[in-house]
Amino acid sequence: MRLYIDPGTGSMLFTVLLGVIGAAAYSLRMLVLKLKMLVGRGKAEEDSKKLPLVIFSDDKRYWSIFKPICRELDKRGMDVTYMTASEDDPALNNEFEHVKAKFIGAGNKAFSKLNFLNASIVFSTTPGLDVYQWKRSKNVDYYVHIFHTAGEVTRYRMFGIDYYDALLIAGDYQEKDIRDLEKQRGLPPKEIVKVGIPFMDEMAARLKKVGPAEEHPRTVLLAPTWGPSAIFKVHGGRIIDELLKTGYRVIVRPHPQSFTSEKEMLDKLMEEYPNSDQLEWNRDTDNFEVLRRSDILISDFSGVVFDFSLIYDKPVIYTDPNFNLAPYDAWFLDRPLWTLSALPRIGMELKADNTSNIKELIDQCLEDTRFSQGRKEVRDEAWAYYGEGAVRCADYIMNKYQELTQPKNERGEKDVTA
C-alpha cells in the first residue's frame, strides 16, 4: 500500500521542512559566530594588558591630525598604540619609537575591536561614540575627542560628541555650542580644554620653512567638496568655463570621495575639460603644495577653506553654505552657525548671478585689504595658542593619564580597600 499525500499537504510539509532547515542553518551560524567571539575575546583577555593610550583613526587622512601629537608624546616616552581602520595608513610606517601602529580592520571589524578595548585613555577624532556601531568599552577609563578642522563642532551628525568624556577645542565659540547642547539634552558637563589646532600649527611651520611659492601666473584653485549642495552639482561645468575665460591658471582638485560617489560626473567633466597648459586636475595625497602655489581658493563648505585662508593667509571665494541642518547638532541651536559670520570676513560669495563676473570677483578678493584684516580676526577666534597645539595636547594627555592611574586616595577619593 502506497502512502498518498495530497498536493496541499505536500506543499505545507515542504514549506515546514525548508523552515526547519533554514532555522537550523541560522542557529549553526550564530553558534559559530559566538564561539569565534568567545575564543577571540578569551585570547584578547589572556594576551592583553591595560594600554596607557590608544589613538583611533577611522581614515588614513587623519594621520596629519595625530602625527604632531604623537611626535610630542614620543619625545616624552609615552607609549601609544595607534589603531587605524585604513590598511595603507602612513601611520603604519611612522618613525616614532614609542608609537606602535596597527591596522585593526575596516568598518564594523574595527569597531568590534574597539568595543572590547582595555585602555586608560582612547583619543580620537571620530564622532558617534556610543551612538552607532562604536560602543564605549567597560574597560576604557576615559574617551577624549579632538576636532579635525577649524569651524563648527555642531556640524557633526546628531549626538556625535555627546558621550565623550573630554573634548579638546580650538576656540571659545566651540565651547559655547557644546555647553548649550549639554544643557538641552540634560547631559553632564564634559571636560573641555582649549588646546589649539596641532595639524594647522604643523602646516604653518612647514610653510614658514619652505617659504612662498616661486613667482608664477595668477593661479585659481577650485576645490569643491562632494554631495548635492557642492559646486559641481550646483554649477556643473559652467564654473570651469568661466574660470578658463579669465586667462588665469586653473587647478581643479575634487574631494577624494567624489571619485567614488560621483565618478560618472567627474569622468564626464575630466573628458570635457582635459589637462592643458591652463588647466590641471590635481589628486595629490598631500595638499600642501597645491595650496602653496595657488593664489585664491574657490570652494563651498569644505574645511579646506579655513586651512587655505588661515594658514596660507590668502583669500577665498565660497558658495552659499546654506544646507539642510536637520541631521546635524547645529539644528538644535537657535543661532546662526559661526561659519556664517566668518566667511564674509575672509572672502566673497559666489552666486548664480555673479558667476559670469568671476574674474572681477577674483581680482577684488586679491586686492581688497579688508580681507587681510578679516583673516586675522577669524584666525584669532578659531585657532588658539598658535604653534602650541601639539605640546598642549601632550600635556593634557599625560596629566590625564597620571590622574587616572594614581591611587584613589592620592586623588582625594575614598580608598575602599583601606
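The shown structure was predicted, so the numbers you read here are calculated from the model rather than taken from an experiment.
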Verdict with reasoning, V304 to L291, per side chain to side chain contact (heavy atoms under 4.5 Å, CB included): CA-CA 9 Å; V304 75; L291 296 180; 4.0 Å; yes
Evaluation steps, side chain to side chain contact (heavy atoms under 4.5 Å, CB included), between C70 and I55: CA-CA 9 Å; C70 285; I55 293 178; 3.7 Å; yes
Evaluation steps, side chain to side chain contact (heavy atoms under 4.5 Å, CB included), between Y273 and D241: CA-CA 9 Å; Y273 303 95; D241 275 329; 3.0 Å; yes
Do M348 and D368 pass the side chain to side chain contact (heavy atoms under 4.5 Å, CB included) test, and can you show the C-alpha distance, the side-chain angles, and the key distance before you say yes or no? CA-CA 11 Å; M348 300 181 72; D368 195 329; over 6 Å; no
Could you walk me through whether R76 and D395 pass the salt bridge (charged side-chain N to carboxylate O under 4.0 Å, His left out) test, one step at a time? CA-CA 10 Å; R76 306 183 191 196; D395 286 344; 2.6 Å; yes
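Every pair passing ring pair (Phe, Tyr, Trp, His ring centres under 6.0 Å) that includes a residue from residues 63-92 is listed here, sequence neighbours excluded: W63-Y82, F66-Y82, F66-F123.
Note on R185 versus D329: salt bridge recorded, some NZ/NE/NH1/NH2 to OD/OE distance being below 4.0 Å. Between D172 and K194 there is a salt bridge, since a side-chain N of the basic residue sits under 4.0 Å from a carboxylate O of the acidic one. Salt bridge absent: D79 and K100 never bring a charged side-chain N and a carboxylate O closer than 4.0 Å. Using a 4.0 Å cut-off between charged nitrogen and carboxylate oxygen, K268 and E264 do not count as a salt-bridge pair. Salt bridge present: R136 and D165 bring a charged side-chain N and a carboxylate O closer than 4.0 Å. A salt bridge is defined here as a Lys NZ or Arg NE, NH1 or NH2 lying under 4.0 Å from an Asp or Glu carboxylate O, and D353 with K351 fails to meet this definition. Using a 4.0 Å cut-off between a side-chain N of Lys or Arg and a carboxylate O of Asp or Glu, K233 and D300 do not qualify as a salt bridge.
Side-chain atoms of Y142 and E403 include no donor-acceptor pair closer than 3.5 Å.
Between V220 and the choices D295, I296, V252, the side-chain contact (heavy atoms from CB on, under 4.5 Å) rule is met once, by I296. Put simply, the residue from Y312, W338, F147 that forms a ring pair (Phe, Tyr, Trp, His ring centres under 6.0 Å) with F306 is W338.
Taken from CD1 in I178 to NZ in K190, the straight-line distance is 7.0 Å, to the nearest 0.5 Å. Remark: H216 NE2 to R249 CZ distance equals 9.5 Å, nearest 0.5 Å. To the nearest 0.5 angstrom, E175 atom CD is 10.5 Å from D180 atom CG. Between E280 atom CD and I251 atom CD1 the span is 4.5 Å, to the nearest 0.5 Å. From I197, atom CD1 reaches atom OG1 of T149 across 7.0 Å, with rounding to the nearest 0.5 Å. We find the CG-CD1 distance between D363 and I358 to be 11.0 Å, quoted to the nearest 0.5 Å.
Ring geometry for W383 versus Y386: interplanar angle of 30 to 60°, hence tilted. Y143 and W134 have perpendicular rings, their planes meeting at more than 60° on a 0 to 90° scale where under 30° would count as parallel.
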